[in-house]
Amino acid sequence: MKIELSKKASEQMDLAANRAYPDECCGILLGKVDENAEKGYVEVLEAREATNQIQGRRKKSHFEMDPLFLYQVEREIEGSGLEVIGIFHSHPDCKAVFSEEDIKYMVPGLVYTVLSVTKEGVIETCSSYRKNR
Ligand SMILES: [Zn+2]
């Protein structure tokens, strides 16, 4: 499955990761998924930063999104041709590799992007998508 991140989506995620540093950022990915296309493709066109609801030190290594945020984004993109296709979050001072916990909560049919961020900025990103079927 080919996963393409648009420049806009990358910039929006970088901004969120830098702003939240040294805490984890989180948010929603918008775009298009076509599992039926030859080999299938995922196009991440935009990203929307959410508030990480975790409090205190755990926020440096965990995130939790307000479900109401998802609802607000869904209303915002209604009729725009965009769809909610996944979730992104950052790993401050840590590699862009999905943790065991990240993998445990992954849902097929959603795109996951993780960003490695240091005080110098975003170093690398990694994306994952498992087919629904
Ligand atoms: Zn993670």
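These figures come from a predicted structure and were not determined experimentally. Numbers for residues simply follow the sequence, beginning at 1. First listed ligand is number 1; within each ligand, the first listed atom is number 1.
Put simply, the side chain of Glu35 reaches to within 4.5 Å of the side chain of Met1, judged on heavy atoms.
Residue pairs that meet the salt bridge (Lys or Arg N to Asp or Glu O under 4.0 Å) test with at least one member in residues 114-124, sequence neighbours left out, do not exist here.
Protein-derived N/O/S atoms nearer than 2.8 Å to the Zn ion (ligand 1) total 4, waters excluded.
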Check step by step if side chain to side chain contact (heavy atoms under 4.5 Å, CB included) holds for Tyr112 and Ile103. CA-CA 10 Å; Tyr112 292 87; Ile103 293 165; over 6 Å; no
Enumerate, atom names and distances included, each donor-acceptor pair closer than 3.5 Å involving a side-chain atom of residues 75-92, sequence neighbours excluded.
from, atom 1, to, atom 2, distance (Å)
Glu76, OE1, Arg48, NE, 3.2
Glu76, OE2, Arg48, NE, 3.1
Glu76, OE2, Arg48, NH2, 2.6
Ser80, OG, Ile77, O, 2.6
Ser80, OG, Leu82, N, 3.2
His89, NE2, His91, NE2, 3.1
His89, NE2, Asp102, OD1, 3.3
His89, NE2, Asp102, OD2, 3.3
Ser90, OG, Cys25, N, 2.8
His91, ND1, Lys95, O, 3.0
His91, ND1, Val97, O, 3.4
His91, NE2, Asp102, OD2, 3.2

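Applying the salt bridge (charged side-chain N to carboxylate O under 4.0 Å, His left out) test to Lys32 and every residue at least two apart in sequence or in another chain returns nothing.
Side chain of Asn52 to backbone of Glu64: a donor-acceptor contact under 3.5 angstrom is found.
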